[in-house]
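Here you go, one structure.
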Amino acid sequence: MRIPLPPRAVAAALTDSGVLGAEPAALVVPGEDVCVGEHRLRVVHLDVDGLRAVAAGRVPVALDVGIEAVADGTELTVAARGPHGWAEGLRERIARRAAVLAEARVVVGAAVLRRGRVLAQQRAYPPEAAGLWEFPGGRVEPGESDADAVRRECREELGIEVRPLEVIGPDVAIAEDLVLRLYAAEAPTGTPRALEHQAVRWLTEQDIDSVEWLPADRVLLPALRGRLAAPVG
């Protein structure tokens with residue numbers, strides 16, 4: 001199925017478990033399970049090239065969604081194995097959600113890297129998020145580029161200057177018309193301070209799971225692990 005939408009928007013649609021048919025809808029997190037009707041699947045891969053999920057329950061089901069950039073948009077392939085019809089309509093649901101997310105507002109995140117470590121910050125508010133950890137960042141303002149937003153947010157939240165690099169992982173659908181987009185960022189100098197948060201902490205690949213992340217940031221951890229294998233700064 002060829003759709004006239006960017007691959008990043010199609011990948012973002014896959015982060016919304018409602019697209020897969022899950023109720024209640026939540027975020028799809030690599031390494032965790034998602035319930036689609038009576039079927040439980042474990043998501044073993046989710047990135048800009050697609051999704052793979054395998055059976056985590058008794059029913060032998062599996063799902064492979066491929067995303068490939070083509071000249072006029074995205075080639076979307078869906079292969080579902082298991083009881084007949086269990087993934088019926090999935091292509092159309094992905095395409096509809098991707099069309100909304102292609103026009104979505106962007107929240108940028110910054111994976112600030114230094115000597116094989118990434119910087120995390122602990123939320124102070126709102127109450128339901130206080131104590132959880134996230135990447136620095138915030139909404140891109142009208143007329144502002146993603147890169148400029150990354151630089152501004154790191155100055156405001158951490159008091160440091162960074163140089164934005166490439167995007168890490170897929171966009172993450174965090175609201176009906178809002179996506180989180182994570183950028184690697186270089187910050188070879190400066191001491192980050194928790195100007196708007198409870199705390200900041202440098203984490204290695206080995207201890208990245210030692211803190212409790214916000215759900216949207218947790219979606220991006222597998223892609224970040226790969227980036228930490230080739231650190232900057």
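Numbers here are sequence positions counted from 1.
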| note | Glu161 meets the salt bridge (Lys or Arg N to Asp or Glu O under 4.0 Å) criterion, sequence neighbours left out, with Arg155

| message | Is there a side-chain contact between Val172 and Val179 in this structure, where contact means two heavy atoms from C-beta onward sitting under 4.5 Å apart? | response | no

| message | So which atom in Arg93 and which in Val19 form the shortest heavy-atom distance, rounded to 0.1 Å? | response | NE-O, 2.7 Å

| note | Note: Arg225 and Glu205 closest approach over all heavy atoms is NH1-O, 3.3 Å

| field | Neighbour count above 12 (heavy atom, 6.0 Å) for Glu88 CD | value | no

| message | For the CD atom on Glu38, are there more than 12 heavy atoms of other groups (residues, nucleotides or ligands in this structure) within a distance under 6.0 Å? | response | no

| Path from Trp213 to Val29 over hydrophobic side-chain contacts below 4.5 Å | yes

| Heavy-atom side-chain contact between Val61 and Pro83 under 4.5 Å | yes

| query | Hey, is the main chain of Arg40 close enough, under 3.5 Å, to the side chain of Asp33 for a donor-acceptor pair? | reply | no

| Under 4.0 Å between a Lys/Arg side-chain N and an Asp/Glu carboxylate O for Arg96 and Glu92? | no

| request: Supply the atom-to-atom distance Ile208 CD1 to Leu203 CG, rounded to the nearest 0.5 angstrom. | output: 6.5 Å

| task | Could you tell me which non-hydrogen atom of Ala80 sits nearest to which non-hydrogen atom of Leu63, and how far apart they are? | result | CB-CD1, 4.1 Å

| Intermediate values then yes/no, salt bridge (Lys or Arg N to Asp or Glu O under 4.0 Å), Arg42 and Glu32 | CA-CA 6 Å; Arg42 178 151 301 156; Glu32 298 184 8; over 6 Å; no

| message | So, taking the atom named CG in Leu14 and the one named CZ in Arg52, what distance separates them when rounded to the nearest 0.5 Å? | response | 14.5 Å

| task | Check for a donor-acceptor pair, side chain of Asp207 on one end and backbone N or O of Thr204 on the other, with a separation under 3.5 Å. | result | yes

| said: Counting only heavy atoms not in Glu166 (residues, nucleotides, ligands), do more than 12 fall under 6.0 Å from its CD? | reply: yes

| field | Glu212/Arg218 salt bridge by N-O under 4.0 Å criterion | value | no

| Quick one: do Leu51 and Val167 end up in the same hydrophobic cluster if we chain Ile, Leu, Val, Met, Phe, Trp and Tyr together by side-chain heavy atoms under 4.5 Å apart? | no

| request: For residues Tyr183 and Leu165, determine if any side-chain heavy atom of one lies less than 4.5 Å from a side-chain heavy atom of the other. | output: no

| query | Between Leu224 and Leu158, is there a shared hydrophobic cluster once you connect ILVMFWY residues whose side-chain heavy atoms come closer than 4.5 Å? | reply | no

| Is the closest side-chain heavy-atom distance between Glu176 and Val100 below 4.5 Å? | yes

| query | What pair of heavy atoms forms the shortest contact from Pro192 to Leu119, and how long is it? | reply | CB-CD2, 3.7 Å

| field | Straight-line distance of Phe135 CZ to Cys154 SG, nearest 0.5 Å | value | 12.0 Å

| Neighbour count above 12 (heavy atom, 6.0 Å) for Glu23 CD | no

| Got Val219 and Val28 here, is their nearest side-chain heavy-atom distance under 4.5 Å? | no

| said: For Ala69 versus Pro7, what's the shortest heavy-atom pair and its separation? | reply: CB-CG, 3.6 Å

| At what distance, to the nearest 0.5 angstrom, does CD1 of Ile174 lie from CG of Leu27? | 8.5 Å

| said: Exactly one of Gln198, His197, Arg201 should register a side-chain hydrogen bond (donor to acceptor under 3.5 Å, both in side chains) with Gln121. Which one does? | reply: His197

| field | Polar side-chain atom of Thr74 near backbone of Glu68 as donor-acceptor pair, under 3.5 Å | value | no

| Rounded to the nearest 0.5 Å, how far does CG of Leu182 lie from CD1 of Ile168? | 5.0 Å

| note | From the list Arg105, Arg8, Arg97, salt bridge (charged side-chain N to carboxylate O under 4.0 Å, His left out) with Asp171 holds only for Arg8

| request: Give a yes or no answer on whether the side chain of Arg123 reaches the backbone of Tyr125 with a donor-acceptor pair at less than 3.5 Å. | output: yes

| remark: Taken to the nearest 0.5 Å, the spacing of Arg114 CZ from Thr189 OG1 works out to 6.5 Å

| task | May I ask you to decide if Gly137's main-chain N or O and Glu157's side chain share a donor-acceptor pair within less than 3.5 Å? | result | yes

| task | For the pair Asp47 (side chain) and Asp49 (backbone), establish whether a donor and an acceptor sit closer than 3.5 Å, ignoring hydrogens and angles. | result | no

| request: State whether the side chain of Arg91 and the backbone N or O of Val78 hold a donor-acceptor pair below 3.5 Å, judged by distance alone. | output: yes

| request: Take Arg2 and Leu76, measure what side-chain contact (heavy atoms from CB on, under 4.5 Å) needs, and give me the verdict at the end. | output: CA-CA 6 Å; Arg2 188 161 295 189; Leu76 173 66; over 6 Å; no

| query | So, the side chain of Trp202 versus the backbone of Arg115: is there a donor-acceptor pair under 3.5 Å, distance only? | reply | no

| remark: Between Trp86 and Arg81 the two heavy atoms that sit nearest each other are NE1-O, 3.4 Å

| request: Report yes or no: does Glu75 contribute a side-chain atom to a donor-acceptor pair with the main-chain N or O of Met1 at less than 3.5 Å? | output: yes

